[in-house]
Amino acid sequence: MAINLSPQMAKIILRLNLFARLKVMCRGYSEDLENFTELVWQDDKNLDFQDQETYPQFQLWYV
């Protein structure tokens, strides 16, 4: 299941996520515009979530 997220909501959920089954995913990460990549707060807390050109889409996945 995937739910589209705004950049602000993606950052909030990524920071506060306490559930291993919820994944914040980003399309465009590492210039991969076709696939989604899982974000991890420790590694991606400085990501520019507002840069729509570089990071065009965020989703919340339940695995």
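Each residue takes its place number in the sequence, starting with 1.
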[X], [Y]: one ILVMFWY side-chain cluster at the under-4.5 Å cut-off?
X     : Y     : value
Leu5  : Val63 : no
Val24 : Leu47 : yes
Tyr62 : Phe58 : yes
Met9  : Leu60 : yes

State the [atom1]-[atom2] distance between [X] and [Y], to the nearest 0.5 angstrom.
X     : Y     : atom1 : atom2 : result
Leu22 : Ile13 : CG    : CD1   : 7.5 Å
Gln59 : Lys23 : CD    : NZ    : 15.0 Å
Leu39 : Met25 : CG    : CE    : 7.5 Å
Trp41 : Leu16 : CH2   : CG    : 8.5 Å
Cys26 : Asp32 : SG    : CG    : 9.5 Å
Phe49 : Thr54 : CZ    : OG1   : 13.0 Å

- Message: Looking at every heavy atom in both Pro56 and Gly28, which two are closest together, and how far apart are they?
- Response: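 Where Pro56 meets Gly28 most closely, the heavy atoms are CD-CA, 4.2 Å.
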- Item | Asp48 versus Tyr55, closest heavy-atom pair with distance |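 Looking at all heavy atoms of both residues, the shortest contact is O-CD1, 3.4 Å.
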- Query: Are Glu38 and Trp61 side-chain neighbours, meaning at least one heavy-atom pair lies under 4.5 Å?
  - Reply: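 In short, these two side chains do not touch, never coming nearer than 4.5 Å.
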- Query: Taking Arg27 for the side chain and Leu33 for the main chain, is one N or O donor matched with an acceptor at less than 3.5 Å?
  - Reply: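 Pair found, side chain donor or acceptor close to backbone of Leu33.
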- Asp44 side-chain N/O to Val40 backbone N/O, donor-acceptor pair under 3.5 Å: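 Checking the backbone N and O of Val40 against the side chain of Asp44, a donor-acceptor pair under 3.5 Å is found.
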- Return the set of residues passing ring pair (Phe, Tyr, Trp, His ring centres under 6.0 Å) with Tyr29 (not counting sequence neighbours), or none when no residue passes.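 For Tyr29, no residue satisfies ring pair (Phe, Tyr, Trp, His ring centres under 6.0 Å) once neighbours in sequence are set aside.
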- Report, as yes or no, whether the 6.0 Å neighbourhood of atom CD on Glu53 holds more than 12 heavy atoms from other residues, nucleotides or ligands.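 12 or below, so no.
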